[in-house]
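Structure record follows, encoded as structure tokens.
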Amino acid sequence: MDMEETLPAKGDRVIIAVDGPAGAGKGAVCRAVAERFGLAYLETGAIYRAVGLLALRQGVSDEAGLAELARTMPFSFRSVGPGRFGAYLGEEEVTAQLREEAVGEAASKAAALPEVRRALLHFQRGYGGPPGVILDGRDVGTVVWPEADLKIFLTASLEERAKRRALELREKGETASLEEIRQRMAERDARDSSRTHAPLLPATDAVTLDTTPLTLDESIARVTLLVASVLHP
Ligand code: DC
């Protein structure tokens, strides 16, 4: 992609950037808050996961090849029911496959490559119309939307995030030991935080919210207040 390419401007939209590590509750919190305020919601991790899925399917692992996948993949979100969106590659729904552990791993590896990140920037900046959009990810407030109206860094202790993930897996009927989950999460955190390009870091002007002691409803309530303060100042 041409580095000089013009990226979509903020225009008439309120932009809310929510970053943080895996399992901090970003998805559930952002989905609820977006619905409440009638904002679009983009889970940017899903785009990286789509690249990961295609990389596994096609056996691609070099940076140029992965960036080409990122540039050309026919990725979209489509409405699949009231308030529910599915991830699609062309006509194929891949929502469930994107959640697989191996796909998350492949996504995290592809996400460390600058060319891949650059290729996904346009999609992220172009997503959602007025009144605005909530995006969650790792570098939304630092790289994708440095001019966001509100930046939140949502985090929780590794122990707590691993417990939440274990519960989620159990509810889906899958089993994995807490120790195994904790180990994988620690590795993923380390890779996402230590990469030289767009590492997981709070923006200097982000509000940090540690959800370790909070229930999901409490986390939603805190973020709702923050978002309300920028939508209705
Ligand atoms: O949030 P997630 O677990 O679905 O993200 C999958 C991987 O994609 C994650 O390990 C890091 C990467 N990612 C990223 O680098 N930047 C983003 N904005 C979102 C995800």
Side-chain angles (χ1 to χ4, degrees), residues 7 15-31 40-56 61 63 66-67 69-70 73 75 77 85-87 89 94-128 133-146 148 151-156 158 160-162 164-166 168-169 172 176 181-203 206 211:
L7 291 167
I15 306 284
I16 316 281
V18 180
D19 292 303
K26 300 187 301 282
V29 169
C30 291
R31 210 167 282 122
Y41 165 56
L42 176 62
E43 176 199 349
T44 64
I47 324 171
Y48 286 92
R49 285 172 180 267
V51 175
L53 177 61
L54 288 175
L56 291 176
S61 58
E63 182 162 4
L66 289 167
L69 285 181
M73 64 176 182
F75 182 84
F77 284 107
F85 288 86
L89 279 170
V94 292
T95 314
Q97 287 178 62
L98 294 190
R99 302 302 337 151
E100 285 169 13
E101 199 55 39
V103 173
E105 281 292 305
S108 176
K109 286 180 187 157
L113 306 171
E115 267 196 66
V116 171
R117 305 198 72 82
R118 212 174 294 130
L120 297 177
L121 206 49
H122 197 277
F123 183 92
Q124 296 177 80
R125 298 250 324 183
Y127 196 85
V133 55
I134 300 187
L135 302 94
D136 81 30
R138 303 292 191 287
D139 65 337
V140 181
T142 48
V143 175
V144 180
W145 281 117
K151 300 176 187 178
I152 299 174
F153 194 77
L154 205 68
T155 187
L158 175 63
E160 178 63 25
R161 291 185 288 120
R164 291 177 190 170
R165 178 77 185 142
E168 204 181 293
L169 287 177
K172 283 201 290 184
I181 294 170
R182 190 192 296 117
Q183 180 72 26
R184 277 201 305 248
M185 253 182 182
E187 282 167 18
R188 177 95 67 85
D189 283 354
R191 190 181 310 117
D192 294 344
S193 306
S194 66
R195 64 185 179 216
T196 45
H197 198 77
L200 170 66
L201 260 186
T211 69

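Whatever order the structure lists ligands and atoms in, that order sets their numbers, starting from 1.
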Can Arg184 and Glu187 be counted as an ion pair, charged N to O under 4.0 angstrom? no
Looking at atom 8 (O) of ligand 1, what's its closest protein heavy atom, distance included? Tyr48 CB, 3.4 Å
Honestly, for Met185 the part within reach of ligand 1 (heavy atoms, under 4.0 Å) is neither
Donor + acceptor pair across side chains of Ser108, Arg191 (<3.5 Å): yes
In ligand 1, the atoms that come under 4.0 Å of a heavy atom of Arg49 are 2 (P), 3 (O), 4 (O), 6 (C)
Out of Arg191, Arg117, Arg188, Glu105, the nearest non-hydrogen contact to atom 15 (O) of ligand 1 is supplied by Arg117
Is Arg164 salt-bridged to Glu160, going by a charged N under 4.0 Å from an acidic O? yes
What do you reckon, does Glu43 have a nitrogen or oxygen under 3.5 Å from a nitrogen or oxygen of ligand 1? no
State which residue, out of Arg195, Arg182, Arg161, Arg138, fulfils the salt bridge (charged side-chain N to carboxylate O under 4.0 Å, His left out) condition with Asp189. Arg161
Heavy-atom closest pair, residues Asp19 and Thr142: OD2-N, 4.5 Å
Do any nitrogen or oxygen atoms of Arg138 lie less than 3.5 angstrom from nitrogen or oxygen atoms of ligand 1? yes
Indicate the atoms forming the closest heavy-atom contact of Ala198 with Arg117, along with that distance. CB-NE, 3.5 Å
In the protein, what heavy atom is nearest to atom 12 (C) of ligand 1, and what distance, to one decimal place, separates them? Ala111 CB, 3.6 Å
For the pair Phe77 and Phe75, name the ring-plane relationship: parallel under 30°, tilted 30 to 60°, perpendicular over 60°. perpendicular
Starting from atom 19 (C) of ligand 1, what is the nearest protein heavy atom, named by residue and atom, and what distance separates them? Thr44 OG1, 3.4 Å
Asp192 heavy atom under 4.0 Å from ligand 1: yes
